Amino acid sequence: MERYRFFATTIRGLEDVCAREVKSILGLPKLPELGWGRIFFEGPLEAVYELNLWARTMHKLFLLLYRGRFESLEDIYRAARGLDYTNIIRPEQSFAIRAERVGKHDFTSIDVASTVGQAVIDSYMASKGVRLKVNLDKPDVEIYAFVRDDEFLLGLNTTGPSLHKRGYRVFKHPAALRTSVAAAMLYLSGWNGRGVLLDPMCGGGTIPVEGALMTRRIPPGSFRGLEFAFLKLALFDPGDFSARREEALARSNRDVFHVIGMDKFTAYIEGAIRNARSAGVDDTIRFLVGDATRLTDYLAEEPTHVVVNPPYGVRMKLRGLRKLYRAFLASLSEATGSCRLVVITSARGTFRRAAEAVGVDVLEEKKIMHGELVASIFLCQVGEGQG
Ligand SMILES: C[S@@+](CC[C@H](N)C(=O)[O-])C[C@H]1O[C@@H](n2cnc3c(N)ncnc32)[C@H](O)[C@@H]1O
């Protein structure tokens with residue numbers, strides 16, 4: 001079977017989690033190579049169907065067209081001009097170049113976009129005698145040019161808008177977590193459907209909804225219908241993709257799982273229920289209004305996996321945050337004999353001090369970019385570990 005080279009973008013700091021997920025979905029013999037907010041790997045063309053349908057931590061999947069070093073804009077032109085675009089863009093289709101640049105250069109990202117755009121037009125004209133149309137608003141084909149220091153990457157976007165925009169969110173919490181970050185935290189917690197998953201400060205329900213989708217084996221890409229960039233590309237077969245999607249949905253798991261979402265505000269819980277209903281997992285999650293600092297008042301069962309995105313302190317004063325983190329960790333230690341806890345916060349010092357004061361073991365800290373914010377994901381053990 002013919003192998004293709006790909007790269008995928010993901011959350012910066014969680015490349016390893018995304019790499020493990022991609023390896024598992026595609027059954028790759030080895031882990032993808034880790035880059036800066038992206039991973040690189042080889043696979044069959046069907047990887048485009050499988051990853052766009054199943055990946056929970058990936059943002060966009062690109063067919064790798066070129067990867068190399070450069071010194072000047074002329075090198076970038078030569079690299080892009082040397083490629084054949086006739087098998088990915090039909091003569092009647094329009095295209096756009098999206099450029100991103102990081103590092104010190106004597107040119108801008110707009111210069112990169114126009115240089116690569118000209119190279120694509122010149123290459124196509126030389127092979128087919130057709131001048132391709134550029135459409136920056138609604139192109140049929142989107143090519144990404146990434147320049148970072150002296151590295152130049154060119155990729156064909158197979159996804160379209162980022163996969164973290166799942167399409168089921170009908171209620172948006174003011175501090176909503178990205179679905180891809182929630183999924184990565186769930187993987188880190190080891191949640192596999194056995195035991196009790198709890199998000200005690202769930203807001204609009206992103207974590208419980210993603211946790212339920214995972215264990216029910218519902219493909220996250222099934223909510224955007226046929227809104228994928230690859231469906232416009234000559235290389236792919238929309239019928240094959242639709243068949244895979246239908247088959248995946250028919251095989252989703254209808255067993256009973258224990259997933260609990262809690263928040264102290266009724267309005268957020270109502271919003272979370274709407275999101276869960278829209279994702280088709282409202283029958284898998286028990287939502288309740290409650291206080292995360294008094295868990296034993298609300299829970300009949302001991303949580304085994306707690307994944308949570310507490311307030312960071314952007315709106316809350318430091319003293320209140322300190323009190324909340326300590327009281328929550330103390331309450332959790334009382335509510336369970338043993339559980340894996342995964343927390344995301346940008347108040348890393350406050351969280352570490354609270355964990356130490358309460359006797360919760362921090363096993364690992366991962367620094368990530370959540371939007372424009374640097375945040376830490378803490379992987380912790382509450383009570384005795386299960387070995
Ligand atoms: C950062 S938001 C969570 C956002 C959520 N992950 C989402 O994607 O929609 C933090 C949530 O913690 C809730 N919260 C704060 N203190 C709480 C407490 N003591 N008990 C329960 N919920 C609390 C807030 O109401 C807020 O909805």
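Order of appearance sets the numbers: ligands from 1, and atoms from 1 within every ligand. A quick note: this is a predicted structure, and the numbers were derived from the prediction, not measured.
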Numbering as shown, the atoms of ligand 1 that approach Thr206 to under 4.0 Å (heavy-atom distance): 7 (C), 8 (O), 9 (O)
Short N or O distance, Ala176 and ligand 1, threshold 3.5 Å exclusive: no
Contact (N/O only, under 3.5 Å) between Thr293 and ligand 1: no
Numbered atoms and elements of ligand 1 in range of Pro200, under 4.0 angstrom, heavy atoms: 21 (C), 22 (N)
Mutual orientation of the aromatic rings belonging to Tyr49 and Phe230 [parallel < 30°, tilted 30-60°, perpendicular > 60°]: perpendicular
Ile207 to ligand 1, any heavy atom closer than 4.0 Å: no
Side chain Asp199, main chain Gly261, donor-acceptor under 3.5 Å: no
Min N/O separation Asn309 to ligand 1 under 3.5 Å: yes
N or O pair under 3.5 Å between Pro310 and ligand 1: no
Aromatic plane relationship, His173 with Tyr268 - under 30° parallel, 30 to 60° tilted, over 60° perpendicular: tilted
Pair Phe351 and Phe378, ring centroids less than 6.0 Å apart: yes
Ring centre gap for Phe62 and Tyr144 strictly below 6.0 Å: yes
Aromatic ring pairing Phe228/Phe241, orientation class (parallel under 30°, perpendicular over 60°, tilted between): perpendicular
Any donor-acceptor pair under 3.5 Å from Arg277 side chain to Asp282 backbone: no
Check: Leu177 N/O within less than 3.5 Å of ligand 1 N/O: yes
Six-ring centre of Phe223, Arg169 cation under 6.0 angstrom, axis tolerance 45°: no
Contact partition for Lys264 relative to ligand 1, non-hydrogen atoms under 4.0 Å: both
Result of checking Arg69, Arg101, Arg67 against Glu151 for salt bridge (Lys or Arg N to Asp or Glu O under 4.0 Å): Arg67
Shortest reach to atom 9 (O) of ligand 1 by a heavy atom, considering only Gly205, Gly204, Ser331: Gly204
Which of the ligand 1 atoms, numbered from 1, are nearer than 4.0 Å to a heavy atom of Ala175: 1 (C), 4 (C)
Leu295, Asp263, Val289, Val307: member with heavy atom nearest to atom 26 (C) of ligand 1: Asp263
Residue Phe265 vicinity, atoms of ligand 1 by number, heavy atom under 4.0 Å: 25 (O)
Ligand-residue contact atoms, ligand 1 with Ala292, heavy atoms, under 4.0 Å: 18 (C), 19 (N), 20 (N), 21 (C)
Atom of Leu64, atom of Leu153 and distance for their closest heavy-atom approach: CD1-CD2, 3.5 Å
Ligand 1 atoms in contact with Gly290 (distance to a heavy atom under 4.0 Å): 20 (N), 21 (C)
Close N or O approach (Tyr268, ligand 1; < 3.5 Å): no
Residue Asp291 vicinity, atoms of ligand 1 by number, heavy atom under 4.0 Å: 18 (C), 19 (N), 20 (N)
Any N or O of Asp199 closer than 3.5 Å to N or O of ligand 1: no
Proximity flag Gly271 to ligand 1, non-hydrogen atoms under 4.0 Å: no
Cys202 and ligand 1 - part of the residue with a heavy-atom distance under 4.0 Å: backbone
Side chain Arg217, main chain Arg254, donor-acceptor under 3.5 Å: no
Phe40 ring center near Phe6 ring center (under 6.0 Å): no
